[in-house]
Amino acid sequence: MTKRLLGLGMGLGAVLLLALPAVAAAWELDPAQSRVAATVVQIGPDGPVPRHHEVRRLAGSADASGALELPLRLNQSDVIEKLGPLPPWLSGLTERPLATLTTRFPPERLERLAVGESLVEVLELSVQSGNATRQEPLAVRFTRESADRIRVTNAERVALDGQELMADPTLRSVLLLLGYERIGDEVPVSLDAVLVRR
């Protein structure tokens with residue numbers, strides 16, 4: 001009887017181990033193919049002028065439960081290209097996260113996606129910038145491009161509040177460096193990222 005129970009336990013353990021990679025597969029962002037683009041409307045004496053910016057090389061790993069933390073740094077953006085070399089007193093700012101995004105996505109639902117299929121999930125996004133933390137729902141589309149690759153885009157229009165951005169001391173400093181004294185009320189943002197298996 002003990003041998004049969006031991007054999008049954010080992011058999012169940014083997015089945016669980018075989019099933020585990022499909023359920024608990026961990027994903028990470030591919031920095032070479034993951035970016036966020038934003039359009040900032042500069043308000044000047046000649047009227048509104050839209051300007052395009054990108055935060056590239058998004059990097060973050062999700063654990064088996066789908067929890068993902070994503071720090072955003074100034075050196076990931078095209079701001080450095082537009083500004084050129086920063087003064088020494090600002091050099092430390094490029095490595096420090098301007099904001100950190102955290103969220104959780106459903107890995108088990110991603111695993112069930114066939115190649116070519118998509119699903120839309122509303123994720124709860126936590127954005128920490130300075131001492132402030134905001135919670136925002138974000139509708140995201142996951143599209144399976146291959147067994148080990150899933151593209152992530154926003155499923156609906158997303159726009160940040162321009163006045164809130166200007167009220168954040170760190171972001172305001174960056175915007176002022178770029179010559180933005182006033183910006184439009186909305187900053188449309190689009191996400192284009194790729195998750196790959198770790």
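Note that the structure is predicted; figures quoted are calculated from it, not measured.
The side-chain heavy atoms of V36 and V189, taken from C-beta on, include a pair separated by under 4.5 Å. With contacts defined as side-chain heavy-atom distances shorter than 4.5 Å, the pair L29/L195 qualifies. Counting heavy atoms from C-beta on, the side chains of N154 and S190 come closer than 4.5 Å. By the 4.5 Å heavy-atom criterion applied to side chains, D148 and V196 are not counted as neighbours. Inter-residue side-chain proximity for E121 and V140 is flagged as unmet; no heavy-atom pair is nearer than 4.5 Å. Side-chain contact between V152 and V194 is absent, with no heavy-atom pair separated by less than 4.5 Å. In this structure the side chain of L138 never reaches within 4.5 angstrom of the side chain of E136, judged on heavy atoms. In this structure, the side chains of R172 and M166 come closer than 4.5 Å at one or more pairs of heavy atoms.
Between the CG atom of L68 and the OG1 atom of T102 there is a distance of 8.5 Å, given to the nearest 0.5 Å. We find the CD-CG distance between Q135 and L125 to be 8.0 Å, quoted to the nearest 0.5 Å. Here the straight-line distance linking atom CG of D30 with atom CZ of R151 works out to 9.5 Å at 0.5 Å rounding. Here CZ of R35 is found 16.0 Å from NE2 of H53. Values are rounded to the nearest 0.5 Å. Atom CD of E181 is separated from atom CG of L175 by 11.5 Å, given to the nearest 0.5 angstrom. From L160, atom CG reaches atom CG of L171 across 9.5 Å, with rounding to the nearest 0.5 Å.
There is a side-chain donor-acceptor pair under 3.5 Å between D63 and S65. Using modelled atom types and a 3.5 Å distance limit, the side chains of S126 and R134 yield no donor-acceptor pair.
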So I183 and V41, side chain to side chain contact (heavy atoms under 4.5 Å, CB included) or not? Walk me through it.
CA-CA 5 Å; I183 65 172; V41 177; 6.0 Å; no
Would you check, one step at a time, whether the test side chain to side chain contact (heavy atoms under 4.5 Å, CB included) holds for V55 with L72?
CA-CA 8 Å; V55 177; L72 302 177; 4.1 Å; yes
Could you walk me through whether L113 and L119 satisfy the side chain to side chain contact (heavy atoms under 4.5 Å, CB included) test, starting with their C-alpha distance in whole Å, then the side-chain angles of each, then the deciding distance to 0.1 Å, before giving a yes or no?
CA-CA 8 Å; L113 278 177; L119 72 86; 3.8 Å; yes
Decide yes or no on side chain to side chain donor-acceptor pair (under 3.5 Å) for R57 and Q33, but give the supporting numbers first.
CA-CA 7 Å; R57 302 186 311 278; Q33 301 182 78; over 6 Å; no
For the pair Q42 and R51, evaluate side chain to side chain donor-acceptor pair (under 3.5 Å) and give the outcome as yes or no after the intermediate values.
CA-CA 7 Å; Q42 181 175 12; R51 300 195 189 282; 2.8 Å; yes
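Using a 4.0 Å cut-off between charged nitrogen and carboxylate oxygen, R197 and E111 count as a salt-bridge pair. Ion pairing between a basic and an acidic side chain is recognised when a charged N comes within 4.0 Å of a carboxylate O; R144 and E117 show no such pairing.
Judged by distance alone, the side chain of T103 and the main-chain N or O of E124 form a donor-acceptor pair under 3.5 Å. Q76 places a side-chain N or O within 3.5 Å of a backbone atom of R73 that can act as its donor or acceptor partner.
Of all non-hydrogen atoms in G184 and Q163, the two that sit nearest each other are O-NE2, 3.9 Å. Closest approach of A26 to A62, counting heavy atoms only: CB-O, 3.6 Å. Across all their heavy atoms, G162 and V187 have their closest contact at CA-CG2, 4.2 Å. Contact record, V120 with A155: CG1-CB, 3.7 Å, taken as the closest heavy-atom pair. Nearest heavy atoms, P48 versus P50: O-CD, 4.1 Å. The two residues L123 and P106 have their closest heavy-atom pair at CD2-CD, 4.4 Å.
At a threshold of 4.5 Å between side-chain heavy atoms, the hydrophobic network of Ile, Leu, Val, Met, Phe, Trp and Tyr places V40 and L165 in one connected group. Side-chain heavy atoms closer than 4.5 Å link hydrophobic residues (I, L, V, M, F, W, Y) into clusters, and following such links, even through other members, never connects L178 to I43.
Relative ring orientation between F142 and F105 is described as tilted, the plane-to-plane angle lying within the 30° to 60° band.
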